[in-house]
Peer 1: 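Below you'll find the structure I mean.
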Amino acid sequence: MTEPDSTAAATAPDRLFLVDGSGYIFRAYHSLPPMTRPDGTPVNAVYGFTTMLMKLLADMDAERVAVIFDKGRKTFRNEIHPDYKGHRPDAPEDLVPQFPIIRDAVRAFNVACVEMEGFEADDLIATYAKQARARGIDVTVVSSDKDLMQLVRDGVALFDPMKNRPIGPDQVREKFGVGPDRVVDVQALAGDSSDNVPGVPGIGVKTAAQLIEEYGDLESLLARAGEIKQPKRRQNLTEFADQARMSRDLVLLRDDVDVPEPLEGFDVRQPDPDALRAFLVENGFKSVLAKVEGDLIPKPGDGGGAAADPVAEATSAAAAYALVQDIEALRRWVAEARDADVVAIDTETDALSAMRGGLVGISMATAPGRACYIPLAHKGGGEGQLDLGGGGTEAPRQIPLDACVAELKDLLLNPGVLKVGHNIKYDLHVLARVGLEVAPVDDTMVLSYVLDGTRLGQGTHGLDDLAERHFGHAMIAFKDVCGSGKTQITFDRVPLDKAVEYAAEDADYTLRLHRLLKPRLIEERMVTVYETLDRPMVPLLATMERAGIKVDPAVLKDLSKTFAARIGDLEDEVHRLAGHPFNIGSPKQLGEVLFDEMSLQSGRKSSKTGAKSTGADVLEDLAAQGHDLPARVLDWRQFSKLKSTYTDALVEDINPDTGRVHTTFGLTGTSTGRLSSNDPNLQNIPIRTEEGRRIREAFVAEPGHVLLSADYSQIELRLVAHVADIKALKEAFHHGADIHAITASRMFGEPVEGMDPMLRRRAKAINFGIIYGISAFGLSRQLSIPRGEAQRFIDAYFQEFPEILDYMERTKDEARKHGFVRTLFGRKCWAPGINDKNPNARGLAERAAINAPIQGGAADIIKRAMVKLPDALTEAGLGARLLLQVHDELILEVPEAEADQTAALVRKVMEGAASLSVPLVVDTGTAGTWAEAH
DNA sequence: TTTATCACG
DNA sequence: GACGTACGTGATAAAG
C-alpha cells in the first residue's frame, strides 16, 4: 500500500514498472490447459495473463506502470535483414483470438497499454527506460527475455517473473560471460538461431565472450581480427565482419523511438469498477471476480466494506488476535464459527511427535484477520528458562481442558461446519487424544500439493512457505517463540502474549489460504483428485497411524545380537585382509584400502566429488574377480545396515503406551502421488535377502488376530499396457500367464515352455526399464551387457510392442507443453527441467515424465481402494483394520476367524478399484507375522 | 548440512 | 559425436 508521503517522495526515487506483455502472453498460454468461455472463445492465455497481471499489481511498489506489446511481425529490423525472425512459427490457432482480449484485460485494470507499428516491444521498453532515467526515475523491466539484458544498469533492473527474482549484472554475466554493456557485442558475434540473427559462423556465446573480454568491443575485435591465432576463426571474423555488424544492428535495441504515449500516462490508477466487472463477467472469470470484488471494486449492493480478495486481505488486514481465557468468550467464538460455516483450527503441543505431543492450546480463525487462541495447558515459570525453583510464576488463567472439550465437541463434529487445518492429520491425532473427533475436514497443505505439486520443488507446502508465496507475508517463526537448540522451550512455557500472536496467526493464515486455494480446484480441474482421492486419505491415514502395527522387541533384540556377532567377525577378517584396522563404514577409508593400498582397479565410475565409488556394484565386480576383501565388506555392509537401520532402531520406535510402532504417512511429499512413510519408514522393511526378511518376523498380529497382506500383481506394467494401449501386452495380461516369459517369447521367438531363464530375466529387466523410461545405458548396466546389445533388445521390444514409442513421445510432448503430465485420474505430476537446456537434466525430466503417469496411476488406484475399504468392511460386518500401505500392498490386522472372508473382500475391493482394459489382480496371504503373510 | 550408501516399491 | 542416465522414496553414518 503506497501512501502519499512527501518526505518519502523526496528521498526515494519514483519507480516505473515496464512489463513485457508478449512474454506474459506466451507464458500464460503454455502454462495452462485449454479453457474456453461460454461462447466458445479460447481464453486460457487471457486467464493466465489476467492472474499474472493481478499478482504483479498487488506485489509491486511503483508509482507508474505500463504493459508493452509487440505489434505485427514486420519491424524496421526486417529492412536490415529480411529473414529476421523469419523462421518463427505462426502463433497457435487458439491463441490468435486471445491477443485483442488481453489488451482489454490491461485496460480493464486501468493500466497503460502501449504498442507501436514497426517496433518491437523491446525497443519501446528501451526508450521508456531511457526517458525515465533521464528524469531520475528507477525502472524495473518485468521480463525474462535475454534480449533485454543489455538494458541493465544503474537504476534499471530486470525482474524475471517466472523465477520471481531480479536479474542483475551477475546474472547477465552468467548468461553471456560479459557485463550488460557488452551483451550486444556478444550477441552480434554469437548470433541467435531462433531469431535468425546470423552472427559469425563457428562462434558461440562462450567464444564470443572470450573475444570481447580480450579485445574490448566488437569494432576493436574486427579491426584486429588479423591477430587471432586460430586460422579458421581469423578467416571467419574477417570474412563475416559485415554480417557481425548487421547482427549488432539487429540485437541493439532502439532507445530513441518516437513513442506514442508520454510517461505521464503511466501513473498507477484505480480501475473503473464497472469496466473491470464487465470484462471479468464477459470472460467467465467468476473466481477472479470474487477475489477482486469488494477490494479493487465494490460489490454491487455492498458499501465497499469487506475485502474479498484473499491477496489484498492478507497484505492489508490488520489482524487483532483474541486470547480466550473464559467459557463465555469460548462460547462466543464457537457460535461465530458455527455461523461462519468454515473455521480454521490449529493445535499447539508440547512435543513434535503426533502420537505423543500433549495438547497445550487451540487456535481458531473465522475470517481473515479474525482469530483467537485458547490456552489450555500453559505453565507459569517466568521469563528465565533456568527455573531452578523459586522464581516461577503461577500458571495463567485458563479454561479447564474438559470444559473446553465439552464446548467444542459439537462444533468439531458438526457436518455443516468445515474444519480447515494445515496438515490437519497432526491435529486429528492430538485432538483424538483428548476425546475430540473432527469432521468434515479440509487440509490446505493437501490442497497446495494437489494444485502445485512439486512444481516449485519438494517440501514447499509448509504454512510459512505458502504465506510467503501467496501473500508475501512472513510468519512468526517457531524459533522466535520457543528458541532453538539447547535453550529451546516447549510451547506450554511460552508466555500467553507471545503464544496468542504465534498460534492465532497459524489459524488465520490457514483460513486465508483455504479461501485462496479451494476455488482453484475448479479452475484447474483438480476437484476429483482432491475430493475422491487425497482429501479422504487424511482421516484414513490418521486412523492407520494411530492403529500402528505390533512389533515384538524380543525378536528384534535377538536379531541384533546375531547381526552384531556376524559384524564383529567380518570386521576382524576385513582388517586382517587389509593388514590393519580401519573404519569399514567410511567410503573414504575403504576406497584408500581398496584402490591405493591394494591397487585394485575400479572398473566403475568415480563419483561427482572425484572420489572413487565403493558402491555395491563396484564391490560385486571386484568380488567376482576373486577378491575376498570386497566380498566381506559387502556382507559387513548388509548386516550393518540391517542392524543400525532396522533391528536397533525399530525397538526404539515402539510406543511404550501401545506396544506398537506408529509411522507417519506423508501425503504431500512425492512428485507422483505416492505416499511416503517416515519416523520410522515402514515402506522399506527388508525382504529381498533371507537375513533381512527375518526382520518381518518381528511384525506380528495381536493375539486372536492375523496379518493380511494383499498386493497388486504387476500393477505398473498393467498400467503401461492400458495407458499406452499396447495390444500384445494387453492380450498377454488377459491370458493371465507369466508376463515376463511371454515378453521374452515374443522378443526372442522362443516358446514359453522350456525357456532359458536368462531370456526371461532379460525380458523382466526390459519390462521394468519401460516403466522407468528406458535407455540403452540403463539396461546395459542393469544386465551387465554391452550397450549395443542392450540397444538391440530395446529395438526388438519396440518392434514387438510399437505402441510404447508413441506413448513415450506423447508423454514428453505433454510435459513440454504444460510443464506437467496427468495420470488416468487427472492428477498433475510436474516435470520441472523438461525444457532445461542441459540435455542431461532434460533426459532425467523426460524419463520421470514417462514414469509419472504409470507410478502415479498405480498410486491413485490403491488410494481409491483404500478409501473404499473401511465402508466395505463395516458393511460386511468385519472387524479388520487397515495398518499399512506399501505402494502396491495393503496390510490389515484381522480377527483370526474372519481371515478368509476378509481376504476375499479386500481382493474384490482392490481389484475393482479401477476399470482398465486389462484385469487387475491381487494376491493375498494371512499369517501371524508379516514375513509369512506376504 | 551435504554426500554416499542401501533398504523398499 | 559426446554427454551421462534407468523411476520414486527415507534412514544412517561419515565428513565437511
Side-chain angles (χ1 to χ4, degrees), chain A residues 454 458-459 582-591 605-619 633-634 636-650 652-653 663-666 669-689 691-693 695-696 711-712 714-717 720 765-783 787 790 794 811 829 831 833 838-856 858-859 862 884-890 934:
Chain A
T454 47
Q458 270 153 322
F582 68 100
N583 186 348
I584 307 173
S586 160
K588 188 163 167 254
Q589 292 181 36
L590 177 61
K605 74 220 167 169
S606 55
S607 43
K608 291 174 204 159
T609 53
K612 284 177 184 153
S613 165
T614 66
D617 49 353
V618 175
L619 298 188
V633 170
L634 280 168
W636 182 92
R637 283 226 181 116
Q638 189 198 165
F639 289 115
S640 292
K641 180 83 176 181
L642 294 177
K643 182 167 184 291
S644 69
T645 308
Y646 299 102
T647 57
D648 287 354
L650 271 174
E652 300 301 312
D653 287 321
T663 184
T664 300
F665 286 107
T670 67
S671 57
T672 56
R674 270 191 180 182
L675 300 181
S676 64
S677 161
N678 64 39
D679 199 23
N681 183 352
L682 295 185
Q683 290 182 322
N684 71 346
I685 302 301
I687 192 169
R688 289 174 187 171
T689 67
E691 293 88 347
R693 198 182 185 121
I695 291 165
R696 296 190 173 214
D711 68 291
Y712 282 110
Q714 305 287 359
I715 187 167
E716 295 196 345
L717 205 50
V720 169
I766 294 171
N767 276 331
F768 272 102
I770 292 294
I771 292 167
Y772 297 151
I774 201 157
S775 73
F777 184 91
L779 185 63
S780 74
R781 197 170 149 281
Q782 180 66 32
L783 287 176
R787 242 167 88 173
I794 294 172
T811 307
C829 302
N838 176 352
N840 194 16
R842 202 169 56 236
L844 186 72
E846 286 173 353
R847 291 191 299 274
I850 289 168
N851 172 261
I854 310 299
Q855 191 184 115
I862 198 167
L884 299 177
Q885 187 250 47
V886 191
H887 309 309
D888 63 358
E889 175 189 12
L890 297 177
H934 186 85

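Just so we're clear, the structure is a prediction, and the values are computed from it rather than from any experiment. Chain naming here is simple, since letters A, B, ... match the order of the sequence lines and numbering starts at 1 in each.
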Peer 1: What is the base-pairing partner of C:dT12, counting Watson-Crick and G-U wobble geometry with both distances under 3.5 Å?
Peer 2: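 Partner of C:dT12: B:dA4.
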Peer 1: Would you say the side chain of A:Ile774 lies within less than 4.5 Å of the side chain of A:Ile766, judging by non-hydrogen atoms?
Peer 2: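 Yes - at least one pair of side-chain heavy atoms lies under 4.5 Å apart.
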Peer 1: Is it true that a side-chain atom of A:Ser671 and a backbone atom of A:Thr454 form a donor plus acceptor pair closer than 3.5 Å?
Peer 2: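 Here the side-chain-to-backbone pair does not exist.
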Peer 1: For A:Gly843, report the nucleic acid contact type (base, sugar-phosphate, nothing); a contact means any heavy atom under 4.0 Å.
Peer 2: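 Since no nucleic acid heavy atom lies under 4.0 Å of A:Gly843, the category is nothing.
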Peer 1: A:Ile850 CD1 to C:dT5 P: how many Å, rounded?
Peer 2: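 Whole-Å distance recorded here is 17 Å.
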Peer 1: Reckon A:Ser640 touches a base, only the sugar-phosphate, or nothing at all at heavy-atom distances under 4.0 Å?
Peer 2: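 The answer is nothing, as A:Ser640 stays clear of every strand by at least 4.0 Å.
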Peer 1: Which comes earlier along DNA chain C counting from the 5' end, the contact point of A:Ile766 or that of A:Asn678, where each point is its nearest nucleotide?
Peer 2: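 The 5'-side residue here is A:Ile766.
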Peer 1: Between A:Thr614 and B:dT5, is there a side-chain N or O to OP1/OP2 distance below 4.0 Å?
Peer 2: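 Yes, within the criterion.
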Peer 1: Would you tell me if any nitrogen or oxygen in the side chain of A:Arg688 comes within less than 4.0 Å of OP1 or OP2 on B:dC8?
Peer 2: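 True: A:Arg688 side-chain N/O within range (under 4.0 Å) of B:dC8 OP1/OP2.
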Peer 1: Under 4.0 Å from OP1 or OP2 of C:dA15: is there any side-chain N or O of A:Ser586 that close?
Peer 2: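 A:Ser586 to C:dA15 OP1/OP2: side-chain N or O found under 4.0 Å.
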Peer 1: Base, sugar-phosphate, or nothing: which does A:Ala859 touch, judged by heavy atoms less than 4.0 Å apart?
Peer 2: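 The answer is nothing, as A:Ala859 stays clear of every strand by at least 4.0 Å.
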Peer 1: Would you mind telling me which of C:dG8, B:dG9, C:dA15 lies closest to the side-chain atoms of A:Thr672?
Peer 2: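 Per side-chain heavy atoms of A:Thr672, the pick is C:dG8.
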Peer 1: Between P on C:dA11 and CG on A:Asp648, what's the gap in Å once rounded to a whole number?
Peer 2: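 That distance rounds to 16 Å.
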Peer 1: With a non-hydrogen cut-off below 4.0 angstrom, is A:Ile685 in contact with a base, only sugar-phosphate, or nothing?
Peer 2: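 If one applies the 4.0 Å heavy-atom cut-off, A:Ile685 turns out to touch the sugar-phosphate alone, with no base involved.
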Peer 1: Quick check for you: among C:dC7, C:dT9, C:dA15, whose closest atom lies nearest to any side-chain atom of A:Thr670?
Peer 2: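 Nearest nucleotide to the side chain: C:dT9.
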Peer 1: Could you check whether any side-chain N or O of A:Ser677 sits under 3.5 Å from a backbone N or O of A:Phe665, counting only pairs where one atom can act as donor and the other as acceptor?
Peer 2: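 It does not hold such a pair.
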Peer 1: Taking 4.0 Å as the cut-off, does a side-chain nitrogen or oxygen of A:Ser676 come that near to OP1 or OP2 on B:dG9?
Peer 2: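 No, A:Ser676 has no side-chain N/O under 4.0 Å of OP1/OP2 on B:dG9.
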Peer 1: Looking only at non-hydrogen atoms, find the nearest pair between A:Ala790 and A:Ala776 and report the distance.
Peer 2: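 For A:Ala790 and A:Ala776, the tightest heavy-atom pair comes out as CB-O, 3.5 Å.
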Peer 1: Could you state the CG-C1' distance from A:Asn851 to C:dA6, rounded to the nearest angstrom?
Peer 2: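 Result: 10 Å.
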Peer 1: Among the nucleotides B:dT5, B:dC8, C:dC7, which one has an atom lying closest to any side-chain atom of A:Arg696?
Peer 2: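 Shortest atom-to-atom distance from the side chain points to B:dC8.
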Peer 1: Within the distance-only criterion (no hydrogens, no angle test), does the side chain of A:Thr663 pair as donor or acceptor with the backbone N or O of A:Asp679 below 3.5 angstrom?
Peer 2: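 No; zero donor-acceptor contacts below 3.5 Å.
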Peer 1: So what does A:Asn684 touch, heavy atoms closer than 4.0 Å: a base, only the sugar-phosphate, or nothing?
Peer 2: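 It contacts base atoms.
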Peer 1: Looking only at atom P, what distance separates C:dA6 and B:dA4, rounded to whole Å?
Peer 2: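 Between the two P atoms, the distance is 14 Å.
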Peer 1: Considering every strand and a 4.0 Å limit on heavy-atom distances, what is the contact class for A:Arg787: base, sugar-phosphate, or nothing?
Peer 2: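 Base contact.
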Peer 1: Nearest to the A:Asn840 side chain among C:dG8, C:dT5, C:dA6, which nucleotide is it?
Peer 2: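 For the A:Asn840 side chain, the nearest candidate turns out to be C:dT5.
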Peer 1: Under 4.0 Å, heavy atoms only, any strand: does A:Gly769 hit a base, just the sugar-phosphate, or nothing?
Peer 2: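 Here A:Gly769 touches the bases of the nucleic acid.
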Peer 1: What is the distance, rounded to the nearest whole Å, between atom CG of A:Leu890 and atom P of B:dC8?
Peer 2: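 It works out to 19 Å between those atoms.
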Peer 1: Could you tell me the Watson-Crick or G-U partner of C:dC3, where both distances fall under 3.5 Å? Say none if there is no partner.
Peer 2: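 None - no nucleotide pairs with C:dC3, as no candidate has both distances under 3.5 Å.
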Peer 1: To the nearest angstrom, how far is A:Tyr712 atom OH from B:dC8 atom C1'?
Peer 2: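 Distance, rounded to whole Å: 19 Å.
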Peer 1: Have a look at A:Ala765 and say if it touches a base, only the backbone sugar-phosphate, or nothing, with a 4.0 Å heavy-atom cut-off.
Peer 2: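 Base, at least one base atom sits under 4.0 Å.
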Peer 1: Starting from C1' on C:dC3, measure out to CG on A:Asn838 and report it in whole angstrom.
Peer 2: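 Going from CG in A:Asn838 over to C1' in C:dC3 covers 9 Å.
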Peer 1: With DNA chain C as reference, determine whether A:Thr454 or A:Thr645 sits nearer its 5' end, using the nearest nucleotide of each.
Peer 2: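 The answer here is A:Thr454.
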Peer 1: For A:Arg637 and B:dA7, what is the distance between atoms CZ and P respectively, to the nearest whole Å?
Peer 2: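 Computing the A:Arg637:CZ to B:dA7:P distance gives 10 Å.
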Peer 1: Could you measure between the two P atoms, the one in C:dT5 and the one in B:dT3, and give it in whole Å?
Peer 2: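 My reading of the P atoms in C:dT5 and B:dT3 gives 15 Å.
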Peer 1: Could you give the CD1-to-P distance, from A:Ile687 to C:dT9, as a whole number of Å?
Peer 2: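 Computing the A:Ile687:CD1 to C:dT9:P distance gives 22 Å.
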Peer 1: Quick one: is A:Arg847 getting a side-chain N or O under 4.0 Å of the C:dC7 phosphate, OP1 or OP2?
Peer 2: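 It does, given that an N or O in the side chain of A:Arg847 lies less than 4.0 Å from OP1 or OP2 of C:dC7.
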Peer 1: Heavy atoms under 4.0 Å, any strand shown: does A:Ala649 hit a base, just sugar-phosphate, or nothing?
Peer 2: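 Contact class for A:Ala649: sugar-phosphate only.
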Peer 1: Do A:Asn851 and A:Ile771 come close enough that some side-chain heavy atom pair is under 4.5 Å?
Peer 2: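 A:Asn851 reaches A:Ile771 side chain to side chain.
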Peer 1: So does A:Ser644 get a side-chain nitrogen or oxygen closer than 4.0 Å to the phosphate oxygens (OP1/OP2) of C:dT12?
Peer 2: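 For C:dT12, neither OP1 nor OP2 has a side-chain N or O of A:Ser644 closer than 4.0 Å.
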Peer 1: Do A:Thr614 and A:Val633 have side chains that get closer than 4.5 Å, going by heavy atoms?
Peer 2: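 Result no, sub-4.5 Å side-chain heavy-atom pair not found.
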